[in-house]
Amino acid sequence: MTLSVCLIVKDEQDVIGRCLNCVCKFADEIVVVDTGSADDTVAEVKKYTDKVFFFKWCDDFSAARNFAFEKASGDLLMWLDADDVITDENCKKINGLKNNFSDYDMAVMPYAALFDGDMPTFVYNRERIFKRSKNYKFVGAVHEAVVPSGKILYSDAVIYHKKVKEGEPMRNLRILQKLIASGAKLDDRQKFYYGRELLYNKMYLEAAAVLEDFLNGNGWVVNKSEACLNLYEAYSALGNKERAISSLLRGFTFAPPSSRACCILGERFFKKGELNTAVYWYEAALKAPDDEKSGGFVNRDYCGFIPFMQLCVLYDKLGNREKAYACNEAAGKIKPYNSNYLSNVKYFEKLGIRGKIND
């Protein structure tokens with residue numbers, strides 16, 4: 001099956017070549033839609049494809065994405081952002097998908113958005129490749145998405161979102177507020193992301209009001225669980241500690257505690273000096289059922305490195321230094337060059353503990 005890779009771009013001359021160098025390794029067709037570049041983006045794109053189109057920007061990412069899909073001719077349609085990067089290994093995996101897609105309608109892939117060096121730390125799944133014959137459409141003016149349906153293939157081919165510049169901080173908020181001002185009613189998903197945009201821009205009271213309203217609606221349960229964490233942040237910033245913790249715990253009524261929620265509780269009890277309770281919550285973080293396939297946001301640091309490092313400190317304070325050492329070693333297997341891990345290694349060496357633990 002042939003694969004068309006579709007991008008919408010604007011002023012991306014610094015990164016578009018990096019992205020398209022990857023895309024050339026698996027795409028049968030490259031379609032690029034420019035939404036108003038004032039730099040040399042289009043000239044750079046034309047080094048890779050002659051399928052360049054222009055779209056008058058209308059504050060609607062879905063409209064632009066759908067326009068790009070309409071210009072593609074492949075059996076399969078894939079979307080990317082200009083600042084996405086794909087390793088050779090993952091390019092090979094995508095190539096392999098093309099020949100094994102006949103029984104599927106769409107493919108979902110991990111999207112890595114934050115990194116510690118080259119190690120992805122913030123990952124979530126996104127719908128990524130679609131059968132053109134199924135006529136899938138993006139929805140949502142911002143945080144656009146294709147509603148999952150049909151037979152879904154879950155791939156482990158990771159797309160790296162590697163920004164080199166910060167975007168316009170108020171852009172998404174401005175677009176959503178423009179929609180509201182026009183009389184449009186936000187659906188549950190848009191309401192969730194509107195609350196998050198308000199939070200990002202430190203409009204905490206407004207964010208709390210929108211997210212509370214979202215929780216009373218019929219939104220996706222994964223988003224409701226995340227919204228409770230967002231409310232924890234908002235109320236914490238407002239100094240309302242009681243409302244913050246009640247919001248955090250409310251998340252447990254929608255889904256099992258996430259690793260991040262467990263770590264937040266672990267830290268709270270650590271600061272109160274209730275060390276054994278803190279241990280309980282950090283141990284719970286290691287067992288939390290965080291699953292990128294759920295579609296939720298997963299910060300991998302909370303799944304392993306952070307709880308192991310905190311347990312190292314806690315067990316040391318509780319006098320169980322061999323267990324503290326074991327936790328530090330577990331953290332080191334995740335981030336062997338982390339300065340805190342290496343500092344702990346020196347600490348345990350001075351105590352003569354190294355070598356007493358069997359892996």
Side-chain angles (χ1 to χ4, degrees), residues 59 61 113-114 121-124 140-145 161 163 165-272 278 281 285 288 290 294-302 306 310:
D59 282 343
F61 282 90
L114 293 176
T121 56
F122 184 70
V123 184
Y124 55 99
V142 296
H143 298 291
E144 68 280 11
H161 191 55
K163 289 185 178 182
K165 63 180 180 181
E166 290 300 320
E168 179 190 344
M170 298 284 287
R171 181 195 65 192
N172 292 346
L173 184 60
R174 174 181 55 78
I175 291 172
L176 288 167
Q177 290 182 330
K178 180 182 175 182
L179 276 174
I180 294 168
S182 73
K185 185 177 180 180
L186 301 185
D187 62 23
D188 286 312
R189 185 176 186 277
Q190 289 175 315
K191 196 177 292 183
F192 169 64
Y193 280 104
Y194 180 38
R196 286 168 62 85
E197 291 294 339
L198 290 164
L199 179 65
Y200 296 153
N201 286 282
K202 300 182 179 181
M203 302 170 71
Y204 300 118
L205 277 172
E206 296 89 341
V210 171
L211 291 168
E212 292 281 9
D213 184 42
F214 164 72
L215 288 177
N216 292 324
N218 297 314
W220 191 24
V221 67
V222 173
N223 287 348
K224 287 191 172 187
S225 178
E226 181 70 23
C228 291
L229 283 166
N230 297 149
L231 280 167
Y232 172 84
E233 295 176 59
Y235 287 127
S236 294
L238 291 167
N240 191 334
K241 295 181 179 180
E242 183 175 338
R243 198 76 181 269
I245 194 63
S246 66
S247 297
L248 180 74
L249 297 176
R250 185 180 180 185
F252 298 2
T253 66
F254 297 112
S258 68
S259 58
R260 184 185 170 202
C262 292
C263 285
I264 289 171
L265 289 168
E267 182 181 11
R268 284 177 61 88
F269 284 105
F270 197 167
K271 288 180 177 179
K272 290 167 65 175
W281 283 109
D290 289 333
S294 71
F297 303 120
V298 177
N299 188 321
R300 291 179 177 176
D301 279 351
Y302 289 111
I306 289 174
Q310 294 298 91

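Every heavy atom of this structure was used, including side-chain atoms; hydrogens, water molecules and symmetry mates were not. Just so you know, these numbers come straight off a predicted model, no measurement behind them. Sequence positions, counted from 1, serve as the residue numbers for this chain.
A donor-acceptor pair is defined here as one N or O able to donate and one able to accept, closer than 3.5 Å; such a pair exists between the side chain of Thr121 and the backbone of Leu114. Under the 3.5 Å distance criterion, the side-chain polar atoms of Ser225 are left unmatched by any main-chain donor or acceptor of Val222. Under the 3.5 Å distance criterion, the side-chain polar atoms of Gln190 are matched with a main-chain donor or acceptor of Asp187. Side-chain N or O atoms of Asn201 include one that pairs as donor or acceptor with a backbone N or O of Glu197 at under 3.5 Å. With hydrogens and angles ignored, the 3.5 Å screen pairs no side-chain donor or acceptor of Lys224 with any backbone N or O of Ala255. Asn299 places a side-chain N or O within 3.5 Å of a backbone atom of Asp301 that can act as its donor or acceptor partner.
Nearest heavy atoms, Phe252 versus Ala261: CE1-CB, 3.9 Å. Leu231 and Leu215 get closest at one heavy-atom pair: CD1-CD1, 3.4 Å. Summarising the geometry of Gly217 relative to Asp188, their closest heavy-atom pair is CA-OD1, 4.1 Å, with the distance given to 0.1 Å. Considering all non-hydrogen atoms of both residues, Leu248 and Tyr232 come closest at CB-CD1, 3.9 Å. Here the shortest heavy-atom pairing between Ser247 and Cys228 reads O-CB, 3.2 Å. The two residues Ser259 and Tyr302 make their nearest non-hydrogen contact at CB-O, 3.3 Å.
Between Phe192 and Asn230 there is a side-chain heavy-atom pair separated by less than 4.5 Å. Taking 4.5 Å as the limit, some side-chain heavy atom of Met203 sits within range of a side-chain heavy atom of Leu173.
More than 12 heavy atoms of other residues, nucleotides or ligands sit less than 6.0 Å from atom CD of Glu168. The neighbour count for Asn216 CG, taken as heavy atoms of other residues, nucleotides or ligands under 6.0 Å away, is above 12. In the displayed structure, Lys165 atom NZ is contacted under 6.0 Å by more than 12 heavy atoms of other residues, nucleotides or ligands.
We find the CG-CG distance between Leu211 and Leu198 to be 8.0 Å, quoted to the nearest 0.5 Å. Interatomic distance, CG of Asn223 versus CZ of Phe214, reported as 5.0 Å (0.5 Å rounding). The structure places CZ of Arg243 at 3.5 Å from OH of Tyr235, a figure rounded to the nearest 0.5 Å.
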side-chain contact (heavy atoms from CB on, under 4.5 Å) between Tyr194 and Ile180, intermediate numbers included: CA-CA 10 Å; Tyr194 180 38; Ile180 294 168; 3.4 Å; yes
side-chain contact (heavy atoms from CB on, under 4.5 Å) between Leu229 and Ile264, intermediate numbers included: CA-CA 10 Å; Leu229 283 166; Ile264 289 171; 3.9 Å; yes
Check against side-chain contact (heavy atoms from CB on, under 4.5 Å), Tyr204 and Leu199: CA-CA 6 Å; Tyr204 300 118; Leu199 179 65; 3.7 Å; yes
Worked check of side-chain contact (heavy atoms from CB on, under 4.5 Å) between Val142 and Arg171: CA-CA 9 Å; Val142 296; Arg171 181 195 65 192; 5.8 Å; no
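Tyr193 and His143 have parallel rings, their planes meeting at less than 30° on a 0 to 90° scale where 60° marks the start of perpendicular.
The salt bridge (charged side-chain N to carboxylate O under 4.0 Å, His left out) with Arg196 is formed by just one residue from the set Glu206, Glu233, Glu226; it is Glu226.
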